[in-house]
Amino acid sequence: MPELPEVETTRRGVAPHLVGRRVSAVAVREGRLRWPVPPDLDPCLRGQRLEAVERRAKYLLFRFPAGTLLVHLGMSGSLRVVPAGSPPGPHDHVDLAFGERVLRLRDPRRFGSLHWVTGDVAAYPLLARLGPEPLAEGFTPEHLHARARDRRVSAKALLMDGRVVVGVGNIYANESLFRAGIRPTRRSDRLTRADCERLTAAVKAVLTEAIACGGTTLRDFVREDGQPGYFRIALEAYGRGGEPCPRCGTAMRAVRVGQRATVYCPHCQR
DNA sequence: AAATTCTCCTGAAGGC
DNA sequence: TGCCTTCAGGAGAATT
């Protein structure tokens, strides 16, 4: 569920409270996440001063002098800053204590992961082959068209392929394709240059709006109770199978594309 | 080699 | 009311 906007909102939410502080202790209550949490996190991080919190795709990068802690939230993960001594809940798996403030990872489904990377983070296998950031200048219609024309996957699978562009998950792939008027099942090699222009523009617009929307939830990251209450932009396609299309009124169609819930308007999206 | 399917996990929702 | 089944999904791994 955390898509790129939620991850970016998380970054902005936690960074101001932690950057410049030193790790006083690391507590791992449940290390069985998607990959085992490195068993030596505490000695790696203890005493290290957090220099910055960055983001690459849906990974958060906690930069320390000795290395980088990568955090992926999977689909149910969340990070909050809580006061030292706050009792952990059932799915609060990892704490990074910075003195009086604690960065707490909660992840009921445990699809998230932590990685300690020394040296060049960009060369880390999970990051090395990733495509451009959707909101960066490298994500252009030319780039998308070049990656689309020699493949035969669905337009939706193309958008969700991290080698093509990162950070576009199922929800925003649906929304972007709706805005661009492109059917999710359209083969990528049938996307015209004009289609790719509309699609890149739609992706950038949807994600930009969603991030702006997340700004209203920033204060939630230091609450002691409850999950961060992400506000989400009004979704026009995702989850609206059977409902009338917001543009033309035709019944939206729900199908599965690549094992993922997919909704589109058969009239507006070709 | 590219494309598709599988896999991890648990809360929520639906059925009876 | 409550138990059981089904589903959702990020993205790397496995399979076709």
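Keep in mind that the numbers below use all heavy atoms, side chains included, and drop hydrogens, waters and symmetry copies. Just so we're on the same page: letters track the sequence lines, and every chain starts at 1.
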Legend entry - Donor/acceptor link under 3.5 angstrom from R260(A) side chain onto base of dG10(C):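 Pair found.
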Taking only the side-chain heavy atoms of [X] (C-beta and beyond), determine which of [options] contains the nearest atom.
| X | options | result |
| --- | --- | --- |
| R110(A) | dG12(C), dT10(B), dG9(C) | dT10(B) |
| W35(A) | dG11(B), dC9(B), dG12(C) | dG12(C) |
| V153(A) | dT4(B), dA8(C), dG10(C) | dT4(B) |
| R152(A) | dA8(C), dG11(B), dA3(B) | dA3(B) |

What is the distance, to the nearest angstrom, from the [atom1] atom on [X] to the [atom2] atom on [N]?
| X | N | atom1 | atom2 | result |
| --- | --- | --- | --- | --- |
| D107(A) | dC8(B) | CG | C1' | 11 Å |
| R34(A) | dA11(C) | CZ | P | 8 Å |
| L33(A) | dG9(C) | CG | C1' | 17 Å |
| K156(A) | dA11(C) | NZ | C1' | 14 Å |
| H115(A) | dG10(C) | NE2 | C1' | 12 Å |
| N170(A) | dC7(C) | CG | P | 16 Å |
| K58(A) | dG9(C) | NZ | C1' | 10 Å |
| D150(A) | dA1(B) | CG | C1' | 12 Å |

Inset, instruction - Report yes if the side chains of D161(A) and V153(A) come closer than 4.5 Å at any heavy-atom pair, otherwise no. - result: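 A side-chain contact is absent here, since even the closest heavy-atom pair is not under 4.5 Å.
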Inset, instruction - Side-chain contact test, heavy atoms from C-beta onward, threshold under 4.5 Å: evaluate it for L159(A) versus L177(A) and give yes or no. - result: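 Yes. Closest side-chain heavy atoms under 4.5 Å.
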Inset, instruction - Assign each of R109(A) and L126(A) to its nearest nucleotide of DNA chain C by heavy atoms, then name whichever residue's nucleotide is nearer the 5' end. - result: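 The answer here is R109(A).
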Inset, instruction - May I ask you to decide whether R11(A) forms a salt bridge with E54(A), counting only side-chain N to carboxylate O separations under 4.0 Å? - result: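 Salt bridge absent between R11(A) and E54(A).
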Any side-chain N or O of [X] below 4.0 angstrom from OP1/OP2 of [N]?
| X | N | answer |
| --- | --- | --- |
| H91(A) | dC9(B) | no |
| H72(A) | dA11(C) | yes |
| Y172(A) | dG10(C) | no |

Legend entry - Where M160(A) and G169(A) come nearest, the two heavy atoms and their spacing: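 M160(A) and G169(A) have their closest heavy atoms at CE-C, 3.9 Å.
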Inset, instruction - Determine the minimum heavy-atom distance between L235(A) and R240(A), stating which atoms define it. - result: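 Shortest heavy-atom separation between L235(A) and R240(A) comes out as O-NE, 2.6 Å.
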Inset, instruction - Would you classify A157(A) as touching base, sugar-phosphate or nothing, given that sugar-phosphate means primed atoms plus P, OP1 and OP2, and contacts are heavy atoms under 4.0 Å? - result: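 Nothing, no heavy atom under 4.0 Å.
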Inset, instruction - Just call it for R151(A): base, sugar-phosphate, or nothing, with non-hydrogen atoms closer than 4.0 Å on any strand. - result: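 Sugar-phosphate: the residue R151(A), judged by heavy atoms under 4.0 Å, touches backbone atoms but no base.
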Legend entry - 5′-ward residue of the pair R163(A)/Q259(A) relative to DNA chain B: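 The residue closer to the strand's 5' end, by nearest nucleotide, is R163(A).
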